[in-house]
Peer 1: 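I'd like to ask you about the structure that follows.
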Amino acid sequence: MSNNSPYLRALYIILVPIVLLIILLNSGFIQRHIPAGTCNGSGYTTTRYNYYFFTYYNDFIEENEDRLDELGYDSTVSDGEQYVDDEETVTYRDYFLAGGEELLCSTQYYLDLAEAAGYEFSDEELTAYDDKLADNEELMTTYGLTESSFYVAYYGVGMTADIYKAELLKQVKAEAYRDYLLKNTEVSDEEIEEYLAENDVGNYDSVNLSVITMSALPDRETDEIDAESLSALQSKLDALEARYEGGATFEELQAAFSDLALGDGNGSVTGAVDLDLPDVLSAWCVDGQESGDTLVSGDTCAVVDEETGIAYFAVFDSYGENAGTRTATLAVQESKVSAAETEALESDYQYTRNAAGMTLAAK
């Protein structure tokens, strides 16, 4: 640059910081360090915030991919320019931000409870962590993405595998501790009687089952569960049923085929009521009781749930206690845990945004 070019020097002075800023933004360095806000005193950088935002967003897209038009959502249009409601008071950007922040604060809330209780997580409680990472690896292979490009593509600029895994583990632990609370929250006889007096839960017995679950494999090109995927799953279920009838034990089939979508590590489902079971199994072992069509030990059911893409092979073991008490207990436990969470999210566990960091958050 010539010394007698003051205009070029001035332009250079102006442009260099801008170029450097653009480079830093694209590298994700700023996003990994600038604060986006806090929840109950815990700070979150923009990248950590984005984990929860994009988890909520990606789940929304996946769960509603067949009805996005019905919902009025167009992924090619800016979220801030389309609305959730007919009155056009809430944009989809607002909706996704609120959902991500609720997930973030809920995760923080249950993590804090678990830490205060000195809770130790079992390996079984954390299997969802490994399962999710395995799903991610499958997506990377399907779309030919490297690890770094995958996490940036799905969770925003600045996301790394290490940051993602740290937040995923926190979310899995939070969900596991919520499940622990659901199972261990005390319910009084008075609360059970009050629930039964106000709700018709049906007159049937709970059931004890042994269950093998298998999930359909999505199409490699569309990543969707289509008719061909369901047909392949039905064939696999038919083959498993034939092996069982041919003398193979439930234990060896469960160890070889089950993805443990229902039941414990051995495939056992104990004291299950309607609320515990998918509709396709409930129709088999619950609905029939009220019409006098009862089961005997050893009866089997093999069925594909086309709504979820999961196949179930179930062996009936026995009936348990009357479902009324079990149903009432589950409902009251859910009500208590949810009420405590709602109270926390409306008081100490509200997300406080940092304006500077939020300009780089979300999409």
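Numbers here simply count residues along the sequence, with the first being 1.
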Peer 1: Do any pairs count as a salt bridge (charged side-chain N to carboxylate O under 4.0 Å, His left out) and have a residue in residues 343-355, sequence neighbours left out, and if so which ones?
Peer 2: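 Only Glu101-Arg353 qualify under salt bridge (charged side-chain N to carboxylate O under 4.0 Å, His left out).
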Peer 1: Are side-chain N/O atoms of Ser106 and Glu341 paired as donor and acceptor at under 3.5 Å?
Peer 2: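 Their side chains do contain a donor-acceptor pair, which is all the 3.5 Å distance test asks for.
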Peer 1: Enumerate donor-acceptor pairs with a distance under 3.5 Å from any side-chain N or O in residues 159-173 to protein atoms, sequence neighbours excluded.
Peer 2:
unit_1, atom_1, unit_2, atom_2, d
Thr160, OG1, Ile163, N, 3.2
Tyr164, OH, Asn136, ND2, 3.1
Glu167, OE1, Tyr52, OH, 2.7
Glu167, OE2, Arg48, NE, 2.7
Glu167, OE2, Arg48, NH2, 3.4
Glu167, OE2, Lys170, NZ, 3.4
Gln171, OE1, Tyr51, OH, 2.5
Gln171, NE2, Glu175, OE2, 3.2

Peer 1: Please list, chain by chain and in numerical order, all residues satisfying side chain to side chain contact (heavy atoms under 4.5 Å, CB included) with Glu307, sequence neighbours excluded.
Peer 2: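 Scan of Glu307 (side chain to side chain contact (heavy atoms under 4.5 Å, CB included), adjacent residues dropped) gives Asp305.
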Peer 1: Distance-only check: which donor-acceptor pairs under 3.5 Å involve side-chain atoms of residues 244-254, not counting sequence neighbours?
Peer 2:
unit_1, atom_1, unit_2, atom_2, d
Thr249, OG1, Glu252, N, 3.2
Glu252, OE2, Thr249, N, 2.9
Gln254, NE2, Gly265, O, 3.2

Peer 1: Strictly by modelled atom types, are Asp293 and Gln289 linked by a side-chain donor-acceptor pair under 3.5 Å?
Peer 2: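 No, no side-chain donor-acceptor contact under 3.5 Å.
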Peer 1: For Ala356, what residues pass the side chain to side chain contact (heavy atoms under 4.5 Å, CB included) criterion, not counting sequence neighbours?
Peer 2: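 With neighbours one apart ignored, the set is Ile34, Asn354.
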Peer 1: Of all residues at least two apart in sequence or in a different chain, which pass the side chain to side chain contact (heavy atoms under 4.5 Å, CB included) check with Glu334?
Peer 2: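 For Glu334, the residues satisfying side chain to side chain contact (heavy atoms under 4.5 Å, CB included) (neighbours in sequence not counted) are Arg178, Leu182, Ser338.
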Peer 1: By ring-ring contact (aromatic ring centres under 6.0 Å, His included), which residues pair with Tyr83, not counting sequence neighbours?
Peer 2: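 Not a single residue meets the ring-ring contact (aromatic ring centres under 6.0 Å, His included) criterion with Tyr83.
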Peer 1: With sequence neighbours excluded, tell me which residues meet ring-ring contact (aromatic ring centres under 6.0 Å, His included) with Phe54.
Peer 2: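 Expected list: none.
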Peer 1: Looking at residues at least two apart in the chain, or sitting in another chain, which of them share a ring-ring contact (aromatic ring centres under 6.0 Å, His included) with Tyr143?
Peer 2: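 For Tyr143, no residue satisfies ring-ring contact (aromatic ring centres under 6.0 Å, His included) once neighbours in sequence are set aside.
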Peer 1: What residues, two or more places apart in sequence or in another chain, satisfy side chain to side chain contact (heavy atoms under 4.5 Å, CB included) together with Ala216?
Peer 2: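 By the side chain to side chain contact (heavy atoms under 4.5 Å, CB included) rule, Ala216 matches Ile225, Ser229, Leu233.
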Peer 1: Exactly one of Tyr92, Tyr73, Tyr95 should register a side-chain hydrogen bond (donor to acceptor under 3.5 Å, both in side chains) with Asp79. Which one does?
Peer 2: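 Going through Tyr92, Tyr73, Tyr95 one by one, the side-chain hydrogen bond (donor to acceptor under 3.5 Å, both in side chains) with Asp79 is satisfied by Tyr73 alone.
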Peer 1: Without placing hydrogens or testing angles, list every side-chain donor-acceptor pair under 3.5 Å for residues 201-213, not counting sequence neighbours.
Peer 2:
unit_1, atom_1, unit_2, atom_2, d
Asn203, OD1, Asn322, ND2, 3.4
Tyr204, OH, Asp274, N, 3.0
Ser206, OG, Glu321, N, 3.2
Ser206, OG, Glu321, O, 2.9
Asn208, OD1, Gly271, N, 2.7
Asn208, ND2, Ser318, OG, 2.8
Ser210, OG, Asp317, OD2, 2.9
Thr213, OG1, Asp259, OD1, 2.6
Thr213, OG1, Leu260, N, 3.3
Thr213, OG1, Ala261, N, 2.9

Peer 1: May I ask you to check whether over 12 heavy atoms, not counting those of Asp85, lie within 6.0 Å of atom CG?
Peer 2: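 Counting neighbours around CG of Asp85, more than 12 heavy atoms of other residues, nucleotides or ligands fall under 6.0 Å, so yes.
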Peer 1: For Tyr109, which residues count as a ring-ring contact (aromatic ring centres under 6.0 Å, His included) partner, sequence neighbours excluded?
Peer 2: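 Partners of Tyr109 under the ring-ring contact (aromatic ring centres under 6.0 Å, His included) test: Tyr349.
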